[in-house]
Amino acid sequence: MKKIVLKKTTTEGVRKRIGYKIDYSGELNTQQYEAVMHTDGAALVIAGAGTGKTRTLIYRLARLIEDGIEPESVLLLTFTRKAASEMLRRAAGLLDGRCEKVSGGTFHSFAMLILRRYSEAAGFAGTFNVLDQTDSEDSINLIRSRYKLEKGKRRFPQKSTLHRILSLSVNKRMTIEEILQKEYPFFTDEAEKIIAILDEYNAFKKKSNLMDYDDLLLNLLNLLKSNQTVLKEINGIYKYVMVDEYQDTNRLQHEIVLQLAGAKENVVAVGDDAQSIYAFRGADFQNIMFFPESFSSCKIFKIEENYRSTQPVLNLTNAIMERAVYKYQKELFTRITGGEPPKLVVAETERQQSEFITQHIMQLREEGIPLEEIAVLFRSTFLSFDLEIELNKSNIPYKKFGGMKFIETAHIKDLISYLRIIYNPLDAVSWQRALLLLDGIGPGAASKIIDMVMQGEISFGKFDAISQIKRNTEGLTELFSTLTELSSRRYTVSEKAASLSEFYKPLLTNRYDDWQKRWKDIEMFRTIAARYETLNTFLSDMAIDPPLESLSELTPESKEEEFLTLSTIHSAKGLEWKAVFILWALEGRFPSAKAVESIDTLEEERRLFYVAATRAKTELIISFPTNIYDRESGFVLSKPTRFLDGIGDDLIDKYLLTEEE
């Protein structure tokens, strides 16, 4: 009988003796397989666009369970409940029902679970309620209303802005003063009062046993850092932590992950530094860049085989990111054969750009590519307004995501109401909107004025009778004078739009904290108006469909309801189409003039451009109009985006649009 002896081995050695149900090496590529088989210690998986990031997470989850690790001891953190439940469902289909016992959810749902379980240690009653954003803003507004705010002298942030200031402060781990200085410099003079209101809001929540969404994360972190007994217990429950989309984490979430990693540091983060585009929500690009340095030892796995795009598309996207200042070096490649180089199309005007895109979409449709496989992407929602007009003229059905359609934005509807009154002085609906914009005019006074207009007691050039309704008629008189002037003389549509924009500007700045952003829309409104000879035609073309739901919430539709996708790039992340158009790739628009003021914002714009380009499977068309006058800077914009600088003709075909003879 042979003597049996003990021979020390490693986890890897034990694994080789285990017969897996899933053929990991056969079903995964080499890079995916290496990431999936990692077990102990920290690891960062850099998964490029279209490389099967979710597949890697699912297979690793299943492999941990196959190795005999208790499902409940695996924690999967994602950014949506849908993503977590879908991964667990797919892992269960791959292996068995044990995978659905994995602790999966969002950072916020996990925080809620822990704070309920350890409420006493956290200093809260277990029955605490959570305020949604609307509740939070309304609570802040109640406190705000008790402060004496000087009207007419200085502007003070509205409730939604106050809520955002506090939220950014919590998630970025910065003081209120720092947030004001960086994000809202025009409110720095009101810092003392803002801090007082937000402090009172925090005290109100504590007293009422309430938390808002940000409190869930903040209180979880405070609990983990201040109570070693609780931390040790939680580290004992969750022995393996996996985090999806790590490039989208904020500073607060990163600190929570470091606490959850525990002494054994068994945490795996998956993400793509090249797709970090949510700084405006508080995401911190540094989290993924310095993740390895947060641990005593961290392995880095790169997944570079792309299953979405042709190599010509990938060659361009690789070149775009090669010029990035901060990055993990990677080179996307594919086994998909064929494909043509992307196209850079130069148009003389915005109208020509819109006409070209519309015509090319119809051509693709003729070639058998359905509209649902075509998307037009843009940096900001106002950049698609002119294209929408052309699509409507050509009866091409589309849905727009990531922003409201032109006619549905409140400030554009306000301007349109003035033009509709000039065109039809008996338009009661437009009168109602225009009148309620004025200080001191409520529904009652507006109704009386409209009745007098309908009865002919007040009209253009004859409006003295408004003094019967209101003593202080300064705002009303200015409105009627402006409309009278623009209706009585032969002003062009462009001149009408320009004059009304200037009249409206003080109302805009008084109404909205983000008025500068909205003014960009109004500048585009004036540019579009300048193309029309008659007000009737302009108003008819502007009457487009209302906005729909966000792209991320889009449900499958029947083939009979086929539509083209128009989307901001932020809303298109994670999606793909056969043919993708990126319009307005014009220096000064993409990146915007403001974005070039700092290296961080400029680099995020580069990543945004990369995300847009990597949505394309087979055809990528990038276009821009030239000789565009920018009213804000006073410059004529004519150069293509700097993100294409130095990229040779071998990677992108260049075309100049001309009128067919």
Side-chain angles (χ1 to χ4, degrees), residues 44 46 48-49 164-165 168-169 171-175 177-186 188 245-254 269 271-294 300 302 316-332 377-380 383 514 516-517 520 568-570 573 582 584-614 622 624 630 632-633 635 637-647:
L44 175 63
I46 298 295
R164 176 164 169 75
I165 290 168
L168 286 173
S169 171
N171 289 298
K172 286 179 173 283
R173 306 290 276 161
M174 295 167 67
T175 65
E177 292 96 328
E178 289 171 332
I179 293 297
L180 290 174
Q181 194 66 44
K182 186 176 181 181
E183 305 284 344
Y184 299 95
F186 41 89
T188 51
E245 302 285 13
Y246 208 79
Q247 76 280 352
D248 295 336
T249 55
N250 58 44
R251 190 66 200 171
L252 185 56
Q253 290 163 329
H254 177 66
D272 183 6
D273 57 296
Q275 297 188 69
S276 179
I277 59 174
Y278 293 117
F280 69 95
R281 293 182 187 170
D284 191 342
F285 177 70
Q286 303 289 352
N287 288 350
I288 195 166
M289 295 308 298
F290 294 106
F291 181 87
E293 297 177 19
S294 301
I300 299 177
K302 294 179 184 178
L316 177 64
T317 59
N318 286 333
I320 292 168
M321 284 311 296
E322 178 62 33
R323 292 158 175 77
V325 178
Y326 314 114
K327 62 180 181 295
Y328 284 101
Q329 189 66 46
K330 56 183 176 294
E331 191 82 10
L332 297 187
L377 307 181
F378 31 86
R379 172 63 184 86
S380 303
L383 295 175
D514 62 344
Q516 295 101 326
K517 181 180 177 182
K520 279 286 186 185
T568 60
I569 301 167
H570 285 102
K573 185 171 175 287
I582 304 174
W584 278 98
L586 177 70
E587 186 71 17
R589 287 287 185 267
F590 196 176
S592 67
K594 189 176 181 180
V596 302
E597 293 174 2
S598 82
I599 191 66
D600 289 339
T601 54
L602 180 60
E603 285 302 293
E604 176 145 332
E605 292 280 303
R606 180 190 301 280
R607 296 192 293 270
L608 196 62
F609 193 69
Y610 171 85
V611 166
T614 53
I622 302 168
F624 69 97
D630 181 67
E632 185 177 18
S633 66
F635 294 114
L637 310 178
S638 59
K639 292 176 58 180
T641 175
R642 67 180 63 194
F643 303 138
L644 294 177
D645 285 353
I647 294 179

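Any value given below was found using the heavy atoms of this structure, including those in side chains, with hydrogens, waters and symmetry copies removed. Quick caveat, the model's predicted, so the values are computed rather than measured.
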request  = Could you go through the salt bridge (charged side-chain N to carboxylate O under 4.0 Å, His left out) check for Asp645 and Lys639 one step at a time?
outcome  = CA-CA 10 Å; Asp645 285 353; Lys639 292 176 58 180; 5.4 Å; no
ask   = Is a donor on one side and an acceptor on the other found under 3.5 Å between the side chain of Ser592 and the backbone of Ala595?
value = yes
task = For the pair Trp584 (side chain) and Leu383 (backbone), establish whether a donor and an acceptor sit closer than 3.5 Å, ignoring hydrogens and angles.
result = yes
Row check, Tyr278 ring normal vs Arg281 NZ/CZ: under 6.0 Å, within 45° = yes
key: Thr601 side chain to Glu597 backbone, donor-acceptor under 3.5 Å   = no
key: Partner residues of Arg323 under the salt bridge (Lys or Arg N to Asp or Glu O under 4.0 Å) criterion, sequence neighbours left out   = none
key: Over-ring placement of Arg589 relative to Phe378, 6.0 Å and 45° cut-offs   = no
Ser169 side chain to Met174 backbone, donor-acceptor under 3.5 Å = yes
query = In Å, rounded to the nearest 0.5 Å, how long is the span from CZ of Phe280 to CD of Glu604?
reply = 8.0 Å
Donor-acceptor under 3.5 Å (Thr614 side chain, Tyr610 main chain) = yes
key: N/O donor-acceptor pair under 3.5 Å between Glu178 side chain and Thr175 backbone   = yes
query = Quick check: does any side chain N or O of Arg606 sit under 3.5 Å from a backbone N or O of Met321, one acting as donor and the other as acceptor?
reply = no
query = Partners of Arg173 by side-chain hydrogen bond (donor to acceptor under 3.5 Å, both in side chains), sequence neighbours excluded?
reply = Glu255
inquiry  = Keeping His254 on the side-chain end and Thr249 on the backbone end, is there a donor-acceptor pair under 3.5 Å?
reply    = no
key: Any donor-acceptor N/O pair, Tyr328 side chain to Ile288 backbone, under 3.5 Å   = yes
inquiry  = Pair Arg642, Val596 - check side-chain contact (heavy atoms from CB on, under 4.5 Å), show working.
reply    = CA-CA 10 Å; Arg642 67 180 63 194; Val596 302; 3.5 Å; yes
query = Atom CG of Leu180 and atom CZ of Phe186: how far apart are they, to the nearest 0.5 Å?
reply = 9.5 Å
Residues forming a side-chain contact (heavy atoms from CB on, under 4.5 Å) with Asn171, sequence neighbours excluded = Ser167, Asp214, Leu217, Asn250, Leu252
key: Verdict with supporting geometry, Thr568 and Lys573, side-chain contact (heavy atoms from CB on, under 4.5 Å)   = CA-CA 9 Å; Thr568 60; Lys573 185 171 175 287; over 6 Å; no
ask   = Could you give the distance from CG (Asp284) to CD (Gln247), rounded to the nearest 0.5 Å?
value = 12.0 Å
query = Any idea which heavy atoms bring Ala585 and Ile622 closest together, and the distance?
reply = CB-CG2, 3.4 Å
inquiry  = How close do Leu377 and Ala612 get, counting heavy atoms only, and between which atoms?
reply    = CD1-O, 3.8 Å
note = In short, Ala613 meets Ile582 closest at the heavy-atom pair N-CD1, 3.8 Å
Minimal non-hydrogen separation, Phe624 against Ser638, with atom names = CE1-O, 3.7 Å
message = Under the rule for side-chain hydrogen bond (donor to acceptor under 3.5 Å, both in side chains), what residues qualify as partners of Glu322, not counting sequence neighbours?
response = Gln329
query = If you measure from CZ on Arg607 to CD1 on Ile569, what distance do you get to the nearest 0.5 Å?
reply = 13.0 Å
task = For residues Leu332 and Gly48, report the shortest heavy-atom separation together with the two atoms involved.
result = CD2-CA, 3.9 Å
task = Would you check if Glu183 and Ile165 make a side-chain contact, meaning some heavy-atom pair closer than 4.5 Å?
result = no
inquiry  = Using side-chain contact (heavy atoms from CB on, under 4.5 Å), reason through Leu608 and Phe643 one step at a time and then give a plain yes or no.
reply    = CA-CA 10 Å; Leu608 196 62; Phe643 303 138; over 6 Å; no
task = Rounded to the nearest 0.5 Å, what's the gap from OG1 on Thr641 to CD1 on Ile647? Could you check?
result = 9.0 Å
key: Tyr326/Ile599 under side-chain contact (heavy atoms from CB on, under 4.5 Å): CA gap, chis, key distance, verdict   = CA-CA 10 Å; Tyr326 314 114; Ile599 191 66; 3.8 Å; yes
request  = Just do the salt bridge (charged side-chain N to carboxylate O under 4.0 Å, His left out) check on Glu331 and Lys302 with the steps written out, would you?
outcome  = CA-CA 10 Å; Glu331 191 82 10; Lys302 294 179 184 178; over 6 Å; no
task = Look at Glu605 together with Arg379 and state whether they make a salt bridge at an N to O cut-off of under 4.0 Å.
result = yes
ask   = Has the side chain of Glu603 got a donor or acceptor atom that lies under 3.5 Å from a matching backbone atom of Val325?
value = yes
query = Mind checking what makes salt bridge (Lys or Arg N to Asp or Glu O under 4.0 Å) contact with Lys172, not counting sequence neighbours?
reply = none
message = Run the salt bridge (Lys or Arg N to Asp or Glu O under 4.0 Å) test against Lys330 and tell me which residues pass, sequence neighbours left out.
response = Asp272, Asp273
request  = Just say parallel, tilted or perpendicular for the rings of Phe609 and Phe590, cut-offs at 30° and 60°.
outcome  = perpendicular
ask   = Could you give the distance from CG (Asp600) to CZ (Phe285), rounded to the nearest 0.5 Å?
value = 8.5 Å
task = Measure across Val611 and Ala274 and return the closest heavy-atom pair with its distance rounded to 0.1 Å.
result = CG2-O, 4.1 Å
